[in-house]
Number of protein chains: 4
Amino acid sequence: MSPLSGEHLNQIRDERREQIIQAAIKVFSKRGIIGTKMSMIAAEAGISHGLVYHYFKTKDELFTLLIQGAIETSISSIEGLNQVSGSPIDKIRLLTKHILDKENTPFFMLIYQANHSDGVPEQAQHLIRKYPLQAYIDRLLPIFRDGQLAGEIVEGDLEEIVGNYFSILSGIMVLGEGYRIPEVEFMMRTITTI
Amino acid sequence: MSPLSGEHLNQIRDERREQIIQAAIKVFSKRGIIGTKMSMIAAEAGISHGLVYHYFKTKDELFTLLIQGAIETSISSIEGLNQVSGSPIDKIRLLTKHILDKENTPFFMLIYQANHSDGVPEQAQHLIRKYPLQAYIDRLLPIFRDGQLAGEIVEGDLEEIVGNYFSILSGIMVLGEGYRIPEVEFMMRTITTI
Amino acid sequence: MSPLSGEHLNQIRDERREQIIQAAIKVFSKRGIIGTKMSMIAAEAGISHGLVYHYFKTKDELFTLLIQGAIETSISSIEGLNQVSGSPIDKIRLLTKHILDKENTPFFMLIYQANHSDGVPEQAQHLIRKYPLQAYIDRLLPIFRDGQLAGEIVEGDLEEIVGNYFSILSGIMVLGEGYRIPEVEFMMRTITTI
Amino acid sequence: MSPLSGEHLNQIRDERREQIIQAAIKVFSKRGIIGTKMSMIAAEAGISHGLVYHYFKTKDELFTLLIQGAIETSISSIEGLNQVSGSPIDKIRLLTKHILDKENTPFFMLIYQANHSDGVPEQAQHLIRKYPLQAYIDRLLPIFRDGQLAGEIVEGDLEEIVGNYFSILSGIMVLGEGYRIPEVEFMMRTITTI
DNA sequence: TATGAATGAGTTTTCATTCAT
DNA sequence: GATGAATGAAAACTCATTCAT
């Protein structure tokens, strides 16, 4: 019989890769790099640990890939706010909703893990350092400024306000199970007037 | 040389124990259980790794001890609020100030680590489960209720408000370097009227 | 498409086998058994690693086969000297030339690898032990004796002379790149008179 | 009781190190890097494999150290010839004797392994490349030139003669068990007049 | 016949823990 | 009480081999 068609093989490969990536996000975000054993990822993906290495050279490479994805996703979802129509407050509400969405927890957890764990691969550290809190502040500042000018956002140093707000959002998402994720309006009370 | 007096030995013992505990808090809170090597604690304490085992049977025992201390400290500092004079808002401000104090970061980190890491000793897990968010909510609820009755705290489900507030405080303290710790008033805006 | 004729399949089979064998000789002789991955042989042969297993059951089987070939070739080329006309010295010169021929390096390397490596399959070890230095000495001795009788070869214990000579030839061929392969006459000075 | 005195500890450390090094020379020289398992070295040294890592960071570091030692020893033993009194032929005879000494086999084997194996650590490769055959030829050339001028050594291109001679010596030492190590005079016949 | 996805045994390396001194 | 040499269990990673297609 002839070997599998290239297309079919590609499909299998892509599926497996995605399967492993999803498993890895789940495990890494919960346990960090050191706490995550490749066998856990394999088990989570329902495959042998050897196969993980068929698709990803090392644990580090896999982790770094996820970090890159997490950063790209979070940055682009912030930059995407500019395309959205609505008042500054509407945009911030949208962002807040997005961040507080349970589905996005792993991204914050991953970045958190990369920030705190030991044994974070050089390249992942590099990415993290390239996008510190300030990078997010810079991208959110214009929206907050507009809000302040419109009188919708409290007076005060803008960098401080944005930094605080993004920090408490990040904090809440990092806590994980056992804590409460507040409603959007609860968080926004820190920055809105009235 | 004559042998050291028993009292002197006791003193050395206590000093060493405290030395190790402080070192352990520092390292565990930053790196978690798995990320912390006994040799790191020893190095931080300036002693040989062998000596740590003279004072603490295992890494798990040491970690569990710290968790116990962290929980006790945080619970008692909340319970202590009742002895303080002042309005409900004053008490909450005091608590907030206390929690946001950099000095107390390690306690939150430790509890966080115990909540998230793998390889957390059974006994530590037990302690953590014995004092979940709800335990803190229960103890804070009376104060918040008074505040609500006095019209100083926003309307709404009290458990939710207290849970949210304690969660965002915890979140911020867990983030660590690279993020902003907001001022007390910034946090309190989530719960105060006007 | 009509199925390939049986004959054509046979031809493909034989070609592939030979292709793999040549690739295996090249890689095994350079890297030894342990150092050789089946994937290297496959890559060298320009086929998939799975296909190697269609032609050879295991790595061990393949290696053993090569060892067998190497031994048979070297033994028969020595035995072939008897069919050659010429003086003893001429025959030894011919043998020396043959051994020092770069093309024959892999055979010596293979036997060397089989002698030294770990993880040499039982059967290959058996073959190697069946044809030790002594087997070569035995076959060369008559020629050297004739040479000694004719005064062309130095006096002395014949087994020793033959053993020495074959050993230094083997040694030189095993060294590989980075060393000099001497001219025939340089080697022969060890055994010839004048 | 007081801890071991620093001196005693030093003694233990030095002994163990030496013990491991000797074991490693033995195993590495016979089986090469890939073929050598750290557990083999540990077993040969009669210690646990963990202890090997107490003294040497990695297998690569250990191997590289041995290579360095082997190169240094062989270079210095050649350079030492200049301090020796005697005719050029005497010096070469001394060198030959030294090289053919069974005790020195491991050095040649190690360098051989480093030249041929896969997975040779970068630093070891560097050392090997720094001291190719030419480095030895350069150091031996003056002696051979003197010998040629004195009519004790055959006519011909000196580099060629020295390279050939050092190569056949190296080759013989690499063969290991199963082959004959010739007498000094047998080897020297390749280069001496008469 | 041909391919490469998939598995798991085996190896390197780390580190909690023990123990002689 | 104090040290650090020593052990061994556990985890990352490699690769021979199998097998569905």
Novice: Return the 5'-most residue of the pair B/Lys57, D/Ser39 with respect to DNA chain E, ranking by each residue's nearest nucleotide.
Specialist: D/Ser39
Novice: Are D/Tyr112 and D/Phe107 near enough that their ring centres are under 6.0 Å apart?
Specialist: no
Novice: Going by modelled atom types, is there a donor-acceptor pair between the base of E/dA9 and the side chain of A/His49 at under 3.5 Å?
Specialist: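 Under the 3.5 Å cut-off, the side chain and the base do form a donor-acceptor pair.
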Novice: Is any side-chain nitrogen or oxygen of C/Tyr53 closer than 4.0 Å to OP1 or OP2 of F/dT17?
Specialist: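 Yes, because at least one side-chain N or O of C/Tyr53 sits under 4.0 Å from OP1 or OP2 of F/dT17.
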Novice: Over how many whole Å does the gap from A/Glu15 atom CD to E/dG4 atom C1' extend?
Specialist: 16 Å
Novice: Any idea which of F/dA5, E/dT13, E/dG4 is nearest the A/Leu9 side chain?
Specialist: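 My answer, after comparing the listed nucleotides, is E/dG4.
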Novice: Heavy atoms, side chains only, cut-off 4.5 Å: are C/Ile33 and C/Lys59 in contact?
Specialist: yes
Novice: Quick one: on DNA chain F, does B/Gly46 or D/Val52 contact a more 5' nucleotide (nearest heavy atom)?
Specialist: B/Gly46
Novice: Assign C/Phe56 to base, sugar-phosphate, or nothing according to its heavy-atom contacts below 4.0 angstrom with the strands shown.
Specialist: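 Touches nothing.
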Novice: Output the pairing pattern of DNA chain E as a dot-bracket string, 5' first, Watson-Crick or G-U wobble with both distances under 3.5 Å, | for cross-strand pairs, [ ] for crossing pairs.
Specialist: .||||||||||||||||||||
Novice: Should C/His54 be listed as having a side-chain N or O under 4.0 Å from OP1 or OP2 of E/dA2?
Specialist: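 No.
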Novice: What is the distance from CE of C/Met40 to P of F/dT14, rounded to the nearest Å?
Specialist: 13 Å
Novice: In sequence, state the C-alpha distance, the side-chain angles, and the governing distance for A/Glu7 and A/Gln11, and then conclude on side chain to side chain donor-acceptor pair (under 3.5 Å).
Specialist: CA-CA 6 Å; A/Glu7 206 174 329; A/Gln11 195 196 323; over 6 Å; no
Novice: Mind checking whether D/His49 and D/Tyr53 have ring centres under 6.0 Å apart?
Specialist: no
Novice: For E/dA6 and A/Tyr55 - does any side-chain N or O of the residue sit under 4.0 Å from the phosphate oxygens OP1/OP2?
Specialist: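 Yes, because at least one side-chain N or O of A/Tyr55 sits under 4.0 Å from OP1 or OP2 of E/dA6.
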Novice: Heavy atoms, side chains only, cut-off 4.5 Å: are D/Tyr55 and D/Arg16 in contact?
Specialist: yes
Novice: Whole angstroms only, please: what is the CD1-C1' distance between A/Ile20 and E/dA6?
Specialist: 11 Å
Novice: Taking the minimum atom-to-atom distance to the side chain of A/Leu51, which one of E/dT17, E/dA6, F/dT17 wins?
Specialist: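 The listed nucleotide nearest to A/Leu51's side chain is E/dA6.
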Novice: With a 6.0 Å cut-off on ring centres, are D/Phe63 and D/Phe56 close enough?
Specialist: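 No, too far apart.
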Novice: Using a distance-only test with no angle check, is there a side-chain donor-acceptor pair under 3.5 angstrom linking D/Gln22 and D/Glu18?
Specialist: yes
Novice: Could you state the CG-P distance from A/Asp60 to F/dA12, rounded to the nearest angstrom?
Specialist: 11 Å
Novice: Please report, rounded to the nearest Å, how far the C1' atom of E/dT13 is from the CE atom of D/Met38.
Specialist: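 It is 9 Å, rounded to the nearest whole Å.
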Novice: I need the CZ-C1' distance between C/Phe63 and F/dT17, as an integer number of Å.
Specialist: 19 Å
Novice: Provide, to the nearest angstrom, the distance between the CD1 atom belonging to D/Ile33 and the P atom belonging to E/dT11.
Specialist: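 Taking CD1 of D/Ile33 and P of E/dT11, I get 17 Å after rounding.
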Novice: If you compare every side-chain N and O of D/Arg13 against the phosphate oxygens of F/dA5 (OP1, OP2), does one of them come in below 4.0 Å?
Specialist: yes
Novice: So, does D/Arg16 get its side chain near the phosphate of F/dA6, meaning an N or O under 4.0 Å from OP1 or OP2?
Specialist: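 Checking F/dA6 against D/Arg16, a side-chain N or O does come within under 4.0 Å of OP1 or OP2.
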Novice: More than 12 foreign heavy atoms under 6.0 Å from NZ of A/Lys30: is that the case here?
Specialist: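 At most 12 heavy atoms, drawn from other residues, nucleotides or ligands, come within 6.0 Å of this atom.
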Novice: If you check every side-chain atom of A/Lys59, which of E/dT13, E/dT17, F/dC13 has the closest atom?
Specialist: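 Output: F/dC13.
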Novice: Atom CD1 of A/Ile12 and atom P of E/dA5: how far apart are they, to the nearest Å?
Specialist: 8 Å
Novice: Nearest of E/dT3, F/dT3, F/dT7 to any side-chain atom of B/Ser48?
Specialist: F/dT3
Novice: Could you say whether C/Gly50 or A/Ile34 is positioned toward the 5' end of DNA chain F, judged by the nucleotide with the nearest heavy atom to each?
Specialist: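 This one resolves to A/Ile34.
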